[in-house]
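Excluded from the calculations below are hydrogen atoms, water molecules and symmetry mates; all remaining heavy atoms, backbone and side chain alike, are included. Heads up: numbering here begins at 1 and tracks the sequence.
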Amino acid sequence: MTATRKPGRPVDVVRQERRRGEILAAAAKLFAENGYAKCDTQQLADGLGISKGTVFRYFPTKRALFVACIERAMEQLRAQVDGVAAKATDPLDKLALAIVAYLRFFDRHPEVVELLILERAELKDRKSTYFDRDDRRAESERGWRRVVDELVSSGRFRVMPPDRILEFIGDLLYGTIFSNQERY
């Protein structure tokens, strides 16, 4: 005889995503304030008014929670930069808007800079999320290559490989967020 499970409450996907976002937002701030090693998941749960088990239902380990915080921030950054740039038709305007959006993102979210610093220090065995080449990032990069190609082909940028131009701009921006970051 097989036991039958009574039907429970249906899964509320919207509620789950909202709760996941709340956990990630609070965890990002806590990691930034305390560092990875000193971040306590019980303190996180208490601050959110939930059980520690709820945190671990969404993120099985502290490391998974930390990585998810960074991945979420990078996705938000990509969405903001790409969204703002999409408003312009001129490729140089797109690039200028993207740079401003990038810098504003880190100005509004200084905890993300701290997370990137912590990632490099604490998770040496893991390739940095910032430089991951996932599908979303790859699509975004193809779009930015097209923008740079337009600038080169129109004579507005010197002829050189688009990846080299993008790498240069990326290095400048990446350095800027760290050199202008005050402790969170």
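Using a cutoff of 4.0 Å between basic side-chain nitrogens and carboxylate oxygens, R72 and E75 are not scored as salt-bridged. Electrostatic pairing of E167 and R164 does not count as a salt bridge here, judged by no charged N lying under 4.0 Å from a carboxylate O. Under a 4.0 Å N-O distance rule, the pair R156/D90 qualifies as a salt bridge. Using a cutoff of 4.0 Å between basic side-chain nitrogens and carboxylate oxygens, D125 and R63 are scored as salt-bridged.
Distance check, rounded to the nearest 0.5 Å: CE of M74 to CG of L116 gives 4.5 Å. Summarising the geometry, atom NZ belonging to K38 is positioned 12.5 Å from atom CG belonging to L30; distances are rounded to the nearest 0.5 Å. To the nearest 0.5 Å, atom CZ of residue R20 and atom CZ of residue F59 are 4.0 Å apart. For the atom pair CG of L65 and OG1 of T41, the computed distance is 8.0 Å after rounding to the nearest 0.5 Å. With values rounded to the nearest 0.5 angstrom, F31 atom CZ is found 13.0 Å from E111 atom CD. Of the inter-residue distances, the one linking L95 atom CG with E150 atom CD reads 11.5 Å to the nearest 0.5 angstrom.
The side-chain heavy atoms of Y36 and K62, taken from C-beta on, include a pair separated by under 4.5 Å.
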(request) Go through the steps for V112 and L77 under the test side-chain contact (heavy atoms from CB on, under 4.5 Å), then give the verdict. (result) CA-CA 10 Å; V112 175; L77 172 63; over 6 Å; no

(request) Test R158 against V152 for side-chain contact (heavy atoms from CB on, under 4.5 Å), laying out the working first. (result) CA-CA 6 Å; R158 193 173 94 187; V152 170; over 6 Å; no

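In the model, D46 has a side-chain atom that pairs as donor or acceptor with a side-chain atom of Q42 under 3.5 Å. A donor-acceptor pair shorter than 3.5 Å cannot be found between the side chains of S179 and T176.
A donor-acceptor pair under 3.5 Å links the side-chain atoms of Q80 to the main chain of A101, judged by distance alone.
Below 30°, between 30° and 60°, or above 60°: for H109 and F105 the angle between ring planes is between 30° and 60°, a tilted geometry.
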